[in-house]
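FYI, side chains are in, hydrogens and waters are out, and symmetry mates aren't considered; it's all heavy atoms of this structure. All figures in this text were calculated on a predicted structure; none of them were measured in a lab.
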Amino acid sequence: MAKITYIEHNGTRHQVEVRPGMTVMEGARDNGIPGIDADCGGACACSTCHVYVAPEWTDKLPARDPMEQDMLDFAYKPDPERSRLTCQIKVTEELDGLVVQMPERQI
């Protein structure tokens, strides 16, 4: 299991264990964490699972693929370095300790 910390826009922190093979979005959904809407269910067809990855983790994640990059254009206040769609981040043991912060809102 990998421990992932989700930080709501208001600063509320939720640390949960997520099974490798799941996505960061599924970890939020399955643990009832507010702030990640995931309207498309993980199909990378919306931007409602947008987060800002903690700076120390940006280089440890796989690069965004073109589809994710396109969907991030629709996200609320995307950050060119830190924005990711959680449906596109597969959890691995190496992501133990990952920290993500939700934007003020999802669109």
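Of the possible polar contacts, none joining the Gln106 side chain to the Tyr76 backbone as a donor-acceptor pair under 3.5 Å is found. Remark: side-chain polar atoms of Asp65 are paired, donor with acceptor, to backbone N or O of Met67 under 3.5 angstrom. Judged purely by atom type and a 3.5 angstrom limit, Arg82 uses its side chain to pair as donor or acceptor with the backbone of Val53.
In this structure, the side chains of Cys46 and Phe74 stay at 4.5 Å or more apart for every pair of heavy atoms. By the 4.5 Å heavy-atom criterion applied to side chains, Leu85 and Ser47 are counted as neighbours. Contact check for Ile33 versus Met102: side-chain heavy atoms found under the 4.5 Å cut-off. Side-chain contact between Ile36 and Cys49 is present, with at least one heavy-atom pair separated by less than 4.5 Å. Within the 4.5 Å cutoff, the side chain of Pro103 has no heavy atoms near those of the Lys77 side chain. Proximity of Arg84 to Val24: side-chain heavy atoms (C-beta onward) are nowhere separated by under 4.5 Å.
Among all heavy-atom pairs drawn from Ile107 and Thr48, the shortest one is O-CG2, 3.5 Å. Across all their heavy atoms, Cys44 and Met71 have their closest contact at O-CG, 3.4 Å. Of all heavy-atom pairs between Trp57 and Asp96, the closest is CH2-O, 3.4 Å. Between Thr86 and Thr23, the shortest heavy-atom distance links the atoms O-CB, 3.6 Å. Glu81 and Arg64 get closest at one heavy-atom pair: O-NH2, 3.4 Å. Closest approach of Gly42 and Met25 over heavy atoms only: CA-CE, 3.5 Å.
Applying the side chain to side chain donor-acceptor pair (under 3.5 Å) test to His9 and every residue at least two apart in sequence or in another chain returns nothing. Residues meeting the side chain to side chain donor-acceptor pair (under 3.5 Å) test with Ser83, sequence neighbours left out: His50. Applying the side chain to side chain donor-acceptor pair (under 3.5 Å) test to Glu17 and every residue at least two apart in sequence or in another chain returns nothing.
In this structure, the separation between CG on Leu98 and CD on Gln15 is 11.0 Å, given to the nearest 0.5 Å. Taking CZ of Arg13 as the reference point, atom CD of Glu8 lies at 11.5 Å (rounded to 0.5 Å).
Hydrophobic clustering, with ILVMFWY side chains joined whenever heavy atoms are under 4.5 angstrom apart, keeps Ile7 apart from Leu95. Neither Leu72 nor Tyr52 shares a network with the other; the hydrophobic side chains, linked directly or stepwise wherever heavy atoms of I, L, V, M, F, W or Y lie under 4.5 Å apart, form separate groups for each. Under a hydrophobic clustering in which Ile, Leu, Val, Met, Phe, Trp and Tyr are joined whenever their side-chain heavy atoms come within less than 4.5 Å, directly or via other members, Val99 and Ile89 fall into different clusters.
Within 6.0 Å of the CG atom in Asp73, the count of heavy atoms belonging to other residues, nucleotides or ligands exceeds 12.
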